[in-house]
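Let me begin by presenting the structure, written as structure tokens, before commenting on it.
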Amino acid sequence: MWRNSRTAAASVKTLKKSLLCCTRIGRRPRVHMCRLLSSSAARPPWRLLFFGTDQFAVESLKLLSVSRSSGDGVVENLEVVTHSSDVPVKRFAQQKQLPLHGWPPDIVDGHFDVGVVVSFGCLLPERLISKFPYGILNVHPSLLPRWRGPAPILHTILHGDTVTGVTIIQIRPHRFDVGPILNQELHQVPENCTADELGAALATKGARLLLHTLTSLPERLTHKREQGQAGATQAPKIRTSMSWLVWEEQTCEQIERLYRAIGSRIPLRTTWMGTTVKLLDFSGRCHISLSDPTIKPVPGSVSYQKESNTLAVCCKDGWVGFKAVLLKKQLTAADFYNGYLHQTQQRSVDGQTDQGRFVSRKGRTGEDLISEKSNS
């Protein structure tokens, strides 16, 4: 189980000295030291307890399950902790007949060598972490310490990062995403990709990096490095209120990033004559020719582009397009023009009144607060 007899002798000698020292000064030796002496798992295969919830986590669980079934010498035993609700990790574990445990687990003592946390959402207490002789690993979809927090992928897209990656850390109690780094791999962010597309790519890359880390875990733990604070940024949870567009302040690029970051989860929103409008099927920057080039359009002004069946909306530095909107029901750009926009523009001399344009709404609404509370 050890690489060679010299390494084994040196390691056991060091641990025995630590235990003897603890005994002489009246302290109880740390649990993980005792287990390292008595456990046969000084090297893989490991007995793993997996913590996860969503589809991103399923990719890592899937690869660990394959490893256990194939007998490749990395995973000996695999059990799963997840929330009680019907989440992807729970469904996958049931499908593969993996032992399932609720949160918090009560079966840890002496049963596992390593814990693995992927997109779990709960802070693990120190008393739980200390029960794993080799600690608990976390797969995080960013190049830590950049984008610590629950939404690193969304913030990567939102801020226009061109390079991201995955990081394997050993978790620490009390705070998320601050533990020492065991492994890290870069990933180029494809141009115009969405958060969903990037998340799928990083889930696959993270699963592979996790398995590679487990293969050489003792060495990785020996050479782990602290994160430090240089370059550290936070990736807080995305709020529903972020979907409100402020046409006077946001550029075409900022609106595009926002759509690619949150559009599949939360539709971008604005108001039309006091009513909330959800903007669907973003088509990017528009290049339009106004009938009167001497008139400077007001941010929020709407122009129907018949050739492309697009609603072009004026923002801070240009025009962006949407193919559909949701008002009382979903409407194509043509439907919105015929049913709403054309009528208001006929009543307006120059098309510049609030009745002929989308109006920004800043801040959180009562609807936002209800939505955020239900998703928290």
query = So, does Asn138 use its side chain to make a donor-acceptor pair with the main chain of Ile171 at under 3.5 Å?
reply = no

task = Not counting sequence neighbours, which residues clear ring pair (Phe, Tyr, Trp, His ring centres under 6.0 Å) with His155? List them please.
result = Trp147, His159

request  = Take Ser85 and His83, measure what side-chain hydrogen bond (donor to acceptor under 3.5 Å, both in side chains) needs, and give me the verdict at the end.
outcome  = CA-CA 6 Å; Ser85 55; His83 302 301; over 6 Å; no

Residue pairs passing the salt bridge (charged side-chain N to carboxylate O under 4.0 Å, His left out) test where at least one lies in residues 174-184, sequence neighbours excluded = none

remark   = Hits for salt bridge (Lys or Arg N to Asp or Glu O under 4.0 Å) against Glu226, two or more places apart or cross-chain, chain-then-number order -> Arg172

inquiry  = List the residues meeting salt bridge (Lys or Arg N to Asp or Glu O under 4.0 Å) with Glu79, not counting sequence neighbours, and say none if there are none.
reply    = none

query = Where the side chain of Ser243 meets the backbone of Arg269, is there a donor-acceptor pair that is under 3.5 Å apart?
reply = no

query = Which residue pairs pass the salt bridge (charged side-chain N to carboxylate O under 4.0 Å, His left out) test with at least one member in residues 316-332, sequence neighbours excluded?
reply = Arg285-Asp317

Sub-6.0 Å ring centroid separation between Trp46 and Phe112 = no

query = Taking atom OG of Ser216 and atom CZ of Arg43, what is their separation to the nearest 0.5 Å?
reply = 8.0 Å

remark   = Residue set satisfying salt bridge (Lys or Arg N to Asp or Glu O under 4.0 Å) with Asp161, at least two apart, ordered chain then number -> Arg146

key: ring pair (Phe, Tyr, Trp, His ring centres under 6.0 Å) partners of Tyr259, counting only residues at least two apart   = Phe282

ask   = Does the Lys278 side chain pair with the main chain of Leu268, one donor and one acceptor, at a distance under 3.5 Å?
value = no

query = Between Thr275 (side chain) and Thr271 (backbone), is there a donor-acceptor pair under 3.5 Å?
reply = no

key: Any donor-acceptor N/O pair, Ser69 side chain to Val66 backbone, under 3.5 Å   = no

task = Indicate the atoms forming the closest heavy-atom contact of Val114 with Phe132, along with that distance.
result = C-CD2, 3.4 Å

ask   = Is Met242 linked to Val313 within one hydrophobic cluster, defined over Ile, Leu, Val, Met, Phe, Trp and Tyr using a side-chain heavy-atom separation of less than 4.5 Å?
value = yes

request  = Side-chain contact test, heavy atoms from C-beta onward, threshold under 4.5 Å: evaluate it for Leu198 versus Ile157 and give yes or no.
outcome  = yes

request  = Would you please test Tyr304 and Asn309 for side-chain hydrogen bond (donor to acceptor under 3.5 Å, both in side chains) and show each step?
outcome  = CA-CA 7 Å; Tyr304 174 60; Asn309 192 21; 3.2 Å; yes

message = Are Leu221 and Tyr134 packed together at the side-chain level, in the sense that at least one heavy-atom pair is separated by less than 4.5 angstrom?
response = yes

ask   = If we only count heavy atoms from C-beta on, is the Glu126 to His174 side-chain gap below 4.5 Å?
value = yes

message = When you measure from the side chain of Glu249 to the backbone of Val246, do you find a donor-acceptor pair of N or O atoms at a distance under 3.5 Å?
response = no

Side chain Ser283, main chain Gly321, donor-acceptor under 3.5 Å = yes

ask   = Which residue pairs pass the salt bridge (charged side-chain N to carboxylate O under 4.0 Å, His left out) test with at least one member in residues 194-211, sequence neighbours excluded?
value = Glu185-Lys205, Asp196-Arg265

inquiry  = Could you work out, with side chain to side chain donor-acceptor pair (under 3.5 Å) as the rule, every residue matching Glu253, not counting sequence neighbours?
reply    = Arg257

message = Assess whether a salt bridge exists between Glu191 and Arg260, defined as any Lys/Arg side-chain N lying under 4.0 Å from an Asp/Glu carboxylate O.
response = no

task = Check for a donor-acceptor pair, side chain of Thr167 on one end and backbone N or O of Leu144 on the other, with a separation under 3.5 Å.
result = yes

key: Asp86: salt bridge (Lys or Arg N to Asp or Glu O under 4.0 Å) partners, not counting sequence neighbours   = Arg91

task = Could you tell me which residues satisfy side chain to side chain donor-acceptor pair (under 3.5 Å) with Ser360, sequence neighbours excluded, listed by chain and number?
result = Glu248

message = Let me confirm one number: the CG-CH2 distance from Leu311 to Trp319, rounded to the nearest 0.5 Å.
response = 11.0 Å

inquiry  = Any side-chain to backbone donor/acceptor pair from Thr215 onto Leu211? Under 3.5 Å, distance only.
reply    = yes

note = Distance col, row Leu158:CG vs Ile238:CD1, nearest 0.5 angstrom, shows 6.0 Å

task = Starting from the C-alpha separation in whole Å, work towards a yes-or-no answer on side chain to side chain contact (heavy atoms under 4.5 Å, CB included) for Gln184 and Arg225.
result = CA-CA 11 Å; Gln184 201 166 51; Arg225 59 184 175 88; 2.9 Å; yes

query = At what distance, to the nearest 0.5 angstrom, does CD1 of Ile129 lie from CD1 of Ile136?
reply = 5.0 Å

inquiry  = Going by ring pair (Phe, Tyr, Trp, His ring centres under 6.0 Å), name the pairs with one or both residues in residues 180-233, residues two or more places apart or in two chains.
reply    = none

query = Where the side chain of Arg220 meets the backbone of Leu214, is there a donor-acceptor pair that is under 3.5 Å apart?
reply = no

